[in-house]
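Data first, discussion second: the structure below is written as structure tokens.
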Amino acid sequence: TYWEDVDFSLRARQKGVWLGVTPEVVLKHGVGKTCHKSPLYTVFYFHRNRRKVVWLHSSIMGKILFSAVYGASTLGKSFKFLKNKDIPRLKWLLRSLIS
């Protein structure tokens, strides 16, 4: 539910598994088949899991940089959701910060 592929790839690399691209293989993914634009998925899981994966795999400097960018991004999204009176998305964004 968002960011598992990144986490899996980073864990594999840490264990010495080579990851590459094979142009002959094409995987097609149906967009929105899981989330159906639900804020639970599109806001909560995306933001929570992004933070957890970056925090797990980053250096101290990476965490500091990420915190600044993540904070600014979250603040901007909060104001956007407030301006548009999109309370469900604002609620899920704020919940993602404390989970």
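Just so you know, these numbers come straight off a predicted model, no measurement behind them.
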Practice task
Mind listing the closest non-hydrogen atom pair of Ser99 and Lys52 along with its distance?
Solution key: O-CE, 4.2 Å

Practice task
Would you name the heavy atoms of Leu94 and Ser78 that are closest together and state the gap between them?
Solution key: CD2-OG, 4.4 Å

Backbone of [Y] reached by a side-chain donor or acceptor of [X] within 3.5 Å:
| X | Y | value |
| --- | --- | --- |
| Arg51 | Ser96 | yes |
| Asp7 | Val53 | no |
| Ser58 | Val54 | yes |

Problem - Heavy-atom neighbours of Lys63 NZ exceed 12 at 6.0 Å - result: yes

Handout entry: NZ (Lys91) with more than 12 external heavy atoms under 6.0 Å
Key = yes

Completion exercise
Result for side-chain contact (heavy atoms from CB on, under 4.5 Å) between His47 and one of Trp3, Tyr70, Trp92 points to Tyr70

Exercise for the section: Scan Leu93, Ile87, Asp86 and name whichever one has a side-chain contact (heavy atoms from CB on, under 4.5 Å) with Arg89. Expected result: Asp86

Rounded distance (nearest 0.5 Å) linking atom [atom1] of [X] with atom [atom2] of [Y]:
| X | Y | atom1 | atom2 | value |
| --- | --- | --- | --- | --- |
| Tyr45 | Tyr2 | OH | OH | 11.5 Å |
| Leu65 | Ile60 | CG | CD1 | 13.0 Å |
| Phe79 | Leu90 | CZ | CG | 10.5 Å |

Exercise for the section: Look at the side-chain heavy atoms of Ile, Leu, Val, Met, Phe, Trp and Tyr, link any pair under 4.5 Å apart, and say whether Trp55 and Phe8 land in one connected group. Expected result: no

Practice task
Determine whether Ile64 and Val69 fall in the same hydrophobic cluster, where Ile, Leu, Val, Met, Phe, Trp and Tyr are linked whenever their side-chain heavy atoms lie under 4.5 Å apart.
Solution key: no

Exercise for the section: Could you walk me through whether Gln14 and His57 pass the side chain to side chain contact (heavy atoms under 4.5 Å, CB included) test, one step at a time? Expected result: CA-CA 10 Å; Gln14 289 170 350; His57 296 286; 3.2 Å; yes

